[in-house]
Number of protein chains: 4
Amino acid sequence: MLPAEVRIDDLMTAAADLFIAKGIEATTVNDIVELAGVGKGTFYHYFATKEDVILALRERFSRDFTNKVAAALAECPGDDHRACFATWLRGTVEAYIANYELHDVVFHEFRHSSRNSKEKEIVIAQLSALLAEGAKAGAWSLPDVRAAAIAIYDGMHGVVDDAIVAGNGDAGAICEKLSLLFDRILIA
Amino acid sequence: MLPAEVRIDDLMTAAADLFIAKGIEATTVNDIVELAGVGKGTFYHYFATKEDVILALRERFSRDFTNKVAAALAECPGDDHRACFATWLRGTVEAYIANYELHDVVFHEFRHSSRNSKEKEIVIAQLSALLAEGAKAGAWSLPDVRAAAIAIYDGMHGVVDDAIVAGNGDAGAICEKLSLLFDRILIA
Amino acid sequence: MLPAEVRIDDLMTAAADLFIAKGIEATTVNDIVELAGVGKGTFYHYFATKEDVILALRERFSRDFTNKVAAALAECPGDDHRACFATWLRGTVEAYIANYELHDVVFHEFRHSSRNSKEKEIVIAQLSALLAEGAKAGAWSLPDVRAAAIAIYDGMHGVVDDAIVAGNGDAGAICEKLSLLFDRILIA
Amino acid sequence: MLPAEVRIDDLMTAAADLFIAKGIEATTVNDIVELAGVGKGTFYHYFATKEDVILALRERFSRDFTNKVAAALAECPGDDHRACFATWLRGTVEAYIANYELHDVVFHEFRHSSRNSKEKEIVIAQLSALLAEGAKAGAWSLPDVRAAAIAIYDGMHGVVDDAIVAGNGDAGAICEKLSLLFDRILIA
DNA sequence: TATGAATGAGGCTTCATTCAT
DNA sequence: CATGAATGAAGCCTCATTCAT
């Protein structure tokens, strides 16, 4: 009898926790409703299929991620492109660290219909725009903006993953390390 | 009554083809034995479980990959570190393009027990050694060799994936693009 | 959507009939659900495994058995121990004859985790108490009450089994035969 | 290349050990040949089916059992029937204790075609003869020799089982306990 | 809205047995 | 005599989904 959104949120959170803990395949709808504390029928009131939750989770993750980064970027002065990039990097790393487990499960474990996901495209576009602007303003030059954006984004992922595995999940230290690397790419 | 290796290879190849075409979950052991042209019992004579084939495929992929890159590197002059890196890049890109579909399925679609796979560690170590040597010889300097290796490797993956999706899977063109990027990182 | 107990009972009864007719191993879960007239999933809705039904059957058998004998004993005068024993014997033989087929299948055919089953212990305790009381009251003397209880109980089983095989399953005749035997044990 | 009997014996012993340890159903032919240290084909050289080993084991057990008891009886003076029974009891208890695990598995766990096994019939016949002779000689009287034989035999089984479970597997003590009981049956 | 009993297709796996070498 | 690769029928169990209440 709670508002629908609460129910939906309970279910999605339960699903996310289980997906992270046991993997998507190993998580049954039964598990989800049990953890969420609702009947099985309730699940199918709000989601047409199990896959639906994954998609919903994916969207929620992307929305959160993009919003976080956008919020960070909003506060950076439009003319200092170098600072802008640093802000982007910081925001991205923090947003990723905060939810990398869900990211893994929801974006990797679930078979993509196509190799490139819509979600990744958004964030790449975001970064590409930033890089292109900087290039136009002469802050740096880049032979291929898209390739640079992808390399930076995926490179960031890899380094953060490695830091996490190494037990060093401090965003500040990671960003510093990455800045030294990416600043080399962003030259005139 | 063929030699065991032939059967194993038949089964692994059949499995790989199906995994690529339909995904791991959608591929049944029945599918595999049917394509391999053997009885179902034969599958379980050589693999304890369905998961086992995935693991075997992963290992085979890694071994092949590492060998190909190592073979390429073997032919490059020890003192020209820049050329060496180019060789590594070329070998890696080619090896990846040749098998990226299997790579995807076997490394992404199947849940890793730990986040960092032994397999990735090997190739990162290979590249790290190359980068460290170049640094020692003064060909370039790097604040963090491992971070650079990871960023380069994962960046390469992303860019190649993007190129493949864009329908531009030519190793040469991709390498050129990547060289321009990575050469910026490898500076004194 | 019948009450759970009805379904459980249907399944247990179907299982019992089939176990008796074909043996446990030869009876498949498919057979059971078919005879019970429910879907296969329903079986696993109520029992975790096939073994579970056997255990449930065992418990049901024991409960019924103990209750029947206890009911018989309840009506016997507390001071006539000899009559009490006769009542016990009669009740036990009848209860056993009524269900020996299920008893066989469920207690013999299925591997016990331990050699002595909790179930047998209960009935031995019941008889031991009866024998001990008679001994205390001087109706008879016994050097080892437990050993006597076991010998009487197992001896009864053997003789009843033999009578059944010989096609002579009349409880009255069997009890008379057994009384002559056991009365010799129950002497002062 | 060993004499056939050795092979057969190795296989039967391996099977017996595994049947006792894991149960008949849980023991595979693979397990047996592995423990016996021979190839799987060898098993089927000597036994037509898995069931065959069980039957062979049963026969071996019965032969051993009967022989042991017969050997014990051979040494007892023909005219002292009471001593003869004591000898029988002692021999039976010892033979049973020595192999009760195998007995359990091979006679209980494996579904009898009929409720009374040929093997049990032999030992009951042996005891019945002994009891009948004693009765004829006036050493005791019995209203129903067969019923007494069965009750004594099965009663013995139960008491020995109980002693084993209680961790008291000493044949002497058990026999004494049983003698006190059975002597009450064997009266004039 | 909410529930949970009921379903059944279909997956994975086992294992006794055969037979070419 | 001995082997062990090969088989395939058959079993147990899972689980997403439906629907009557």
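Within every chain, numbering begins at 1; the chains are lettered A, B, ... in the order of the sequence lines, protein sequences first and strands thereafter.
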Could you please name the option among E:dA16, E:dA2, E:dT13 that lies closest to any side-chain atom of D:K50? E:dA16

Report yes if at least one side-chain N or O of D:T49 is closer than 4.0 Å to OP1 or OP2 of E:dA16; otherwise report no. no

In whole angstrom, give the distance that lies between atom CD1 of B:I8 and atom C1' of F:dA6. 14 Å

Flag this pair as yes if the NZ/CZ of B:R58 is under 6.0 angstrom from the six-membered ring centre of B:F107 and inside a 45 degree cone about the axis; otherwise no. yes

Atom CD1 of C:I32 and atom P of F:dA10 are separated, to the nearest Å, by 18 Å

B:D31 atom CG is separated from E:dC12 atom C1', nearest whole Å, by 13 Å

Listed nucleotide nearest any side-chain atom of B:K40, set F:dA9, F:dC15, E:dA16: F:dA9

What does C:V38 touch in the nucleic acid at a heavy-atom separation under 4.0 angstrom: a base, only the sugar-phosphate, or nothing? sugar-phosphate

Please step through side chain to side chain contact (heavy atoms under 4.5 Å, CB included) for the pair D:L11 and D:F47, ending with a clear verdict. CA-CA 10 Å; D:L11 284 165; D:F47 300 98; 3.9 Å; yes

Hey, does the side chain of B:Y44 come within less than 4.0 Å of E:dT14's phosphate (OP1/OP2), counting only N and O? no

Toward the 5' end of DNA chain E, by each residue's nearest nucleotide, D:E25 or C:G41: C:G41

Considering Watson-Crick and G-U wobble pairs with both distances under 3.5 Å, what does E:dC19 pair with? F:dG4

Out of E:dT13, E:dA2, E:dT17, which has the shortest distance to the side chain of A:T42? E:dA2

Paired with E:dG10 by Watson-Crick or G-U wobble geometry, both distances under 3.5 Å: which nucleotide is it? F:dC13

Considering just the side-chain nitrogens and oxygens of D:R7, establish if one lies under 4.0 Å of OP1 or OP2 belonging to F:dC1. no

When rounded to whole Å, the NZ to P distance for the pair C:K22 and F:dG11 reads 8 Å

Over how many whole Å does the gap from D:F47 atom CZ to E:dC15 atom P extend? 20 Å

Test applied, side-chain hydrogen bond (donor to acceptor under 3.5 Å, both in side chains); reference residue, B:K22; option that passes from B:T27, B:D17, B:D31: B:D31

Map A:E51 and B:G37 onto DNA chain F by nearest heavy atom, then report which one ends up closer to the 5' terminus. B:G37

Is a side-chain donor-acceptor pair under 3.5 Å present for A:Y46 with A:D9? no

Report the residue (A:V29 or D:F43) whose heavy-atom-nearest nucleotide on DNA chain F is the more 5′ of the two. D:F43

Going by distance alone, is a donor N or O of one side chain under 3.5 Å from an acceptor N or O of the other, for D:D52 and D:Y44? no

Check the distance between E:dC12's C1' and B:D52's CG and give it to me in whole angstrom. 13 Å

Whole Å only: how far is the CG atom of D:N30 from the P atom of F:dT7? 16 Å

Between A:Y46 and E:dA2, is there a side-chain N or O to OP1/OP2 distance below 4.0 Å? yes

Using whole Å, what does the distance between atom P of nucleotide F:dG11 and atom CD of C:E34 come to? 12 Å

At less than 4.0 Å, is any side-chain N or O atom of B:T28 found next to OP1 or OP2 of E:dG11? Yes or no. no

I'd like to know whether A:L18 forms a side chain to side chain contact (heavy atoms under 4.5 Å, CB included) with A:L35, so could you lay out the CA-CA distance, the side-chain angles of the two residues, the decisive distance to 0.1 Å, and finally the verdict. CA-CA 9 Å; A:L18 289 164; A:L35 184 58; 3.8 Å; yes

Phosphate OP1/OP2 of E:dA6 contacted by C:H45 side-chain N/O (<4.0 Å): no

